[in-house]
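Order of the sequence lines fixes the chain letters, A, B, ..., with proteins taken first and strands second; residue numbering starts at 1 for each chain. Any value given below was found using the heavy atoms of this structure, including those in side chains, with hydrogens, waters and symmetry copies removed.
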Amino acid sequence: MMNITFPDGAVRQYEQGSSAMDIAKSISEGLARRILAAEVNGEIWDLSRPINNDASIKFLTWEDANGKSTFWHSSAHLMAEAVEDTFPGVKFWVGPPVEKGFYYDIDLGDNVITETDLEKLEKKMAQLSKQNNPFVRKEISKADAIEYFEEKGDEYKLDLLSNLQDGNITFYTQGNFTDLCRGPHIPSTGLIKGIKLTSIAGAYWKGDEKNKMLTRIYGVTFPNQKELDEYLVFLEEAKKRDHRKIGKELELFTFSEKVGQGLPLWLPKGAMLRGRLQDFMQKAQLEAGYLPVVTPHIASKNLYVTSGHYEKYGADSFQPIKTPVEGEEFFLKPMNCPHHCEIYKAVPRSYKDLPLRLAEFGTVYRYEQSGELHGLTRVRGFTQDDAHLFVMAEQVKDEFKKVIDLVLHVFSSLGFKDYTAQISLRDQEDRTKYIGSDENWDLAEKSIMEAVNEKGLENVVIEYGEAAFYGPKLDFMVRDAIGRKWQLGTIQVDYNLPERFDLTYIGEDNAKHRPVMIHRAPFGSLERFVAVLIEHCAGKFPMWLVPVQVKILPISDKFLSYAENVLSQLKNNDIRAEIDDRSEKIGKKIRDTELTKIPIMLIIGEKEVNDEKVSVRRQGIGDEGSKTLAEVIENIKEEVRNKTQI
RNA sequence: GCCAGUGUAGCUCAGUUGGCCAGAGCAGCUGAUUUGUAAUCAGCUGGUCGGGGGUUCGAAUCCCUCCACUGGCUCCA
C-alpha cells in the first residue's frame with residue numbers, strides 16, 4: 001500500500017500501481033468524468049499512469065490552467081492525426097498548447113493547405129473524437145525511437161530525439177497516430193468536443209528565419225460546443241473594438257498608400273485626442289521636475305557611430321540622406337537618447353544638477369520590416385513621450401521608483417487595470433549581443449529588481465534574453481481587444497551611453513564622475529498608446545480626452561439660435577461642442593451622434609427654450625431629463641477634473 | 001523580409017462556366033419636410049474594378065509581376 005496525500009491534507013491509502021484515475025473513481029464517478037490530468041508530486045501526469053510510491057496528488061480539470069493546457073496539447077495530437085490522415089506523408093515538428101488553444105508545426109511537403117481545408121480537418125477531428133481513442137503512453141528506448149522515425153523518414157523528430165536522453169523517451173499513440181511526446185495527455189479523444197481551427201500561418205523551423213518555413217495550424221478546442229460558441233462570439237465582439245476599425249469610423253487617423261506604409265496620418269479629431277494626452281503627460285512631468293527639450297528629426301551619422309546604434313542597426317535602418325554638395329550623411333532620428341546626451345554635454349554638470357531629467361515628445365523613424373506593421377501599434381514613424389534621466393549611481397533606484405509612479409499614474413488615469421510588468425534581463429548564456437561591462441549590468445539588473453520589489457508591483461514576470469543591447473529594462477504590457485500583448489510604458493537603465501559619450505559631472509569631491517542614464521517613456525509611443533486606449537474603451541473615450549464632448553441637437557431650425565447660444569456658453573467654459581444643424585428628425589440626429597460615441601447630447605426644442613433648460617442624453621445610456629445649462633457645464637467640468645471612467 | 005490569404009465608389013459589400021454602358025445600401029450633394037430621444041421622402045453626384053504587363057474577338061473575372069492590407073513567423077534601439 002502507499003499513502004496518497006490530497007490538496008486538503010487528507011491522506012488515504014491505495015494499492016501500489018493505482019493510477020490517478022483509479023483514485024478519482026474511488027472518490028466519485030463525477031470527479032472521474034471531469035478530470036483531465038493529475039498533478040503527482042508537482043508533476044503533471046496522465047491519469048492512467050501507475051503511481052508506485054507515496055505521493056501527493058491534485059486532480060486537474062478544465063478549470064485549471066494546467067488542465068486546459070493538457071487538453072489543448074492532446075487536441076494538437078488529434079489535429080495531427082487528422083492532418084496525417086488527410087495528407088499522408090507529412091512530417092511534424094512540435095505541437096504545443098498556447099495561451100488560447102494550440103498549434104502544430106508541419107512540413108507539408110508538396111501539399112498546399114487552404115482555409116477550406118481547415119473545415120475538412122475540423123470534421124475529421126470531430127470524427128476521430130467520436131472514436132474516443134485512448135491516449136496511450138509508451139516508454140521507449142532511444143535506439144527504437146530513432147529506428148521508428150528513420151523508417152518514417154522524419155528528420156524533424158530525429159532532430160528532437162538527438163537532444164533527448166535514453167530512458168527519458170516516451171511515445172503517445174491515439175488511434176492511428178503516434179508521436180514522440182513527453183506528455184501528459186487527457187485520457188481519450190472523446191473529451192474534445194468544440195473544435196475550431198483558427199488560422200494557417202508560416203513559422204520558421206526552430207524560430208530561425210534562416211531555416212525552412214513550416215506550416216503552422218492554429219486551433220482551439222473546448223469540452224463542449226457551447227463554450228466554443230461563446231468563444232467565437234467573444235472574438236466577433238473583440239473585432240468590433242479593433243482600433244483600426246474604430247479609428248476609421250471615428251475619423252481619428254488614416255493611412256495612405258501614397259504617403260507610405262506604417263506612416264499614420266492623424267486626422268483632426270485624432271490629433272486633438274493625442275494632443276490632450278501629450279498635455280496630460282507634459283503637466284505630470286513638469287510637476288515631477290522634468291525639463292522639456294526639443295531636438296531635430298535628423299542627425300549626422302557620427303552621432304550614431306558614437307552611440308553605437310550605427311554599428312548595431314545601421315544596416316537595418318532607413319539609409320542615410322546626403323547633403324548634395326559635400327555628401328555628408330544624415331540619418332532620420334531613430335531614437336532621442338544620443339541627442340539628449342549632447343544636450344547634457346552642452347554645459348558642465350555638477351552633482352547639484354542631478355538628477356537631470358530631459359523630456360521630449362520626440363518623433364522618431366524606424367525601418368520596421370513590412371510584415372511587422374500593424375495599425376498604430378507598430379509603425380515606422382512615431383512619437384515617444386521620451387525622457388532621459390541623468391543621475392548619480394546611488395540615485396538610480398529612487399529615480400526608477402519615481403518613474404514607476406508616473407507610469408502607474410498614467411494607467412490609473414486611464415483605467416488600465418489589466419497590465420503586467422515585465423523585467424527584461426540578459427540572456428543567461430549568450431552575452432555576446434550586449435555591450436557594457438558585466439559589473440554595470442549586474443548593478444543595473446539589481447537596481448530594477450529592487451525598485452520593483454520596493455514598489456510592490458503585482459503581475460511581474462522576468463524574461464531572460466529580452467533586455468535591450470545596452471541595458472536591462474522594465475516594460476509595462478497591456479493587452480489589446482483580442483488578447484495580444486503590447487508593450488506600452490518602458491523604463492531602461494543604461495550604463496553604456498554615458499561611457500560612449502563620455503558624460504561626466506563634478507562631484508562633491510571636486511572630481512569627475514560618470515552619471516547613469518535612465519530612458520523612460522510612460523506611454524511608450526503616442527501611436528501605440530492611442531491604439532491600446534481605443535481598444536480598451538471601445539472608442540468611448542473618457543470626458544477629458546474625447547474629441548467632441550457635447551453635441552447639440554435642435555429639434556428643428558426654429559431652435560437654432562438658442563442652440564448657438566448654448567454652444568457659445570459651452571465654448572466659453574472650454575467645453576468642446578458641435579451643433580447638428582441638419583434638417584433631420586431628432587431620432588436620426590440621436591442615432592448618428594450615438595454612433596460617433598460623443599458622450600453628451602443636448603436636445604433642444606420648444607420646451608427647453610421656454611424653460612431655459614436643455615434636455616440631456618448620455619451616449620449609450622439614454623435620456624437623463626432636463627437640466628439647466630449651468631448644471632450640465634458643472635457636471636462635465638467635474639468629470640474632466642476627476643478623469644472619471646465610464 | 002518569410003508563409004498563407006485579401007484588394008470592386010468615402011464606408012460595408014454584390015457581381016467568375018470571360019460577353020449588353022460594373023450594381024446595392026450607407027455617407028455626400030440638391031430639393032421637399034420642421035420634426036421630441038437610435039435611421040423622413042425624392043432626385044443627383046461618385047468607380048483608372050490596387051498599379052503595370054500578358055492571354056483573348058472580348059478581362060473586375062484567366063496568367064505574370066509589383067504595391068498595399070489581414071493572420072502568423074522572424075524582428076522590435
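A:Trp486 and A:His374 have their aromatic ring centers within a separation under 6.0 angstrom. For an aromatic pair to be called close, the ring centres must be under 6.0 Å apart, and A:Tyr310 with A:Tyr304 fails this. For A:Tyr156 and A:Phe92, the distance between ring centers is not under 6.0 angstrom.
Within the nucleic acid shown, A:Lys607 comes within 4.0 Å of at least one base atom, counting heavy atoms only. Nucleic acid contact class of A:Gln487 (heavy atoms, under 4.0 Å, all strands): none. The residue A:Gly587 sits close only to the backbone: its heavy atoms come under 4.0 Å of sugar-phosphate atoms, none of a base. Using a 4.0 Å heavy-atom criterion, one finds that A:Lys473 contacts the sugar-phosphate atoms exclusively. Residue contacts for A:Tyr218: at a heavy-atom cut-off of 4.0 Å it reaches the sugar-phosphate backbone alone, with no base atom in range. Nucleic acid contact for A:Gly207: sugar-phosphate only, since backbone atoms but no base atoms lie under 4.0 Å from a heavy atom of the residue. Within 4.0 Å (heavy atoms only), A:Glu115 reaches no atom of the nucleic acid at all. Heavy atoms of A:Thr593 sit nowhere under 4.0 angstrom from any nucleic acid atom. Using a 4.0 Å heavy-atom criterion, one finds that A:Tyr470 contacts the sugar-phosphate atoms exclusively. Using a 4.0 Å heavy-atom distance criterion, A:Thr215 is classed as making no nucleic acid contact. A:Ala203 comes within 4.0 angstrom of the backbone, heavy atoms only, and of no base. Here A:Arg617 lies in heavy-atom contact (under 4.0 Å) with a base.
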**Asked** Step by step, would you call A:Asp117 with A:Lys120 a salt bridge (Lys or Arg N to Asp or Glu O under 4.0 Å)?
**Response** CA-CA 5 Å; A:Asp117 291 318; A:Lys120 285 185 214 155; 3.5 Å; yes

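With respect to A:Asp502 and A:Arg514, a salt bridge is recorded, a charged nitrogen being found less than 4.0 Å from a carboxylate O.
In terms of polar N and O atoms assigned as donor or acceptor, the side chain of A:Glu608 comes within less than 3.5 Å of the base of B:G36 in a complementary pairing. On a pure distance criterion of 3.5 Å, a polar donor-acceptor pair joins the side chain of A:Glu372 and the base of B:U74. In terms of polar N and O atoms assigned as donor or acceptor, the side chain of A:Glu257 never comes within less than 3.5 Å of the base of B:A68 in a complementary pairing. Donor-acceptor pairing under 3.5 Å, judged by distance alone, is present between the side chain of A:Ser583 and the base of B:U33. The base of B:C75 is paired with the side chain of A:Arg378 by a donor and an acceptor separated by under 3.5 Å.
Taking atom C1' on both B:U16 and B:C62, the two are 10 Å apart, rounded to the nearest angstrom. Comparing the P positions of B:A59 and B:C20 gives an interatomic distance of 10 Å, to the nearest angstrom. Here the separation of B:U45 from B:G50, taken at their C1' atoms, is 23 Å to the nearest Å. Distance noted for atom C1' between B:G10 and B:A4: 30 Å (whole Å). Separating the C1' atom of B:A22 from that of B:A60 is a span of 8 Å, rounded to the nearest Å. To the nearest whole angstrom, the two P atoms, one in B:C66 and one in B:G72, are 25 Å apart. Separation of the P atoms belonging to B:U61 and B:G19 is 11 Å when rounded to the nearest angstrom.
Pairing of B:C76, defined by two Watson-Crick or G-U wobble distances under 3.5 Å, is not identified with any nucleotide. With a cut-off of 3.5 Å on both pairing distances, B:U33 has no Watson-Crick or G-U wobble partner at all. Pair assignment for B:G28: B:C44, on the basis of Watson-Crick or G-U wobble contacts that are both within less than 3.5 Å. Across every strand in view, B:G7 sits in a pair with B:C67 that passes the Watson-Crick or G-U test at under 3.5 angstrom. Summarising the base pairing, B:A59 is matched to no nucleotide, lacking a Watson-Crick or G-U wobble pair whose two defining distances lie under 3.5 Å.
One finds a side-chain N or O of A:Lys558 lying less than 4.0 angstrom from the OP1 or OP2 phosphate oxygen of B:U35. Residue A:Arg484 has a polar side-chain atom (N or O) positioned under 4.0 Å from OP1 or OP2 of B:G72. The side chain of A:Arg244 places an N or O atom within less than 4.0 Å of a non-bridging phosphate oxygen (OP1 or OP2) of B:U70. Neither OP1 nor OP2 of B:C11 sits under 4.0 Å from any side-chain N or O of A:Lys245. Between A:Gln261 and B:C69 there is a side-chain N or O to OP1 or OP2 distance below 4.0 Å. One finds no side-chain N or O of A:Tyr204 lying less than 4.0 angstrom from the OP1 or OP2 phosphate oxygen of B:G72. Side-chain N/O atoms of A:His374 include one lying less than 4.0 angstrom from OP1 or OP2 on B:G71.
Atoms NZ (A:Lys597) and C1' (B:A38) sit 13 Å apart, rounded to a whole Å. The distance between atom CZ of A:Phe255 and atom P of B:G50, rounded to the nearest whole Å, is 22 Å. Whole-Å rounding puts the A:Ile586 CD1 to B:A38 P distance at 10 Å. In this structure, the CG atom of A:Leu553 is 14 Å from the P atom of B:A39, given to the nearest Å. In this entry the distance linking NZ of A:Lys613 with C1' of B:G36 reads 17 Å, nearest Å.
Residues A:Ser317 and A:Gln319 bring no donor and acceptor atom of their side chains to less than 3.5 Å of each other. Judged purely by distance below 3.5 Å, without hydrogens or angles, the side chains of A:Trp93 and A:Asp107 never pair a donor atom with an acceptor atom.
Side chain of A:Gln492 to backbone of A:His519: no donor-acceptor contact under 3.5 angstrom is found.
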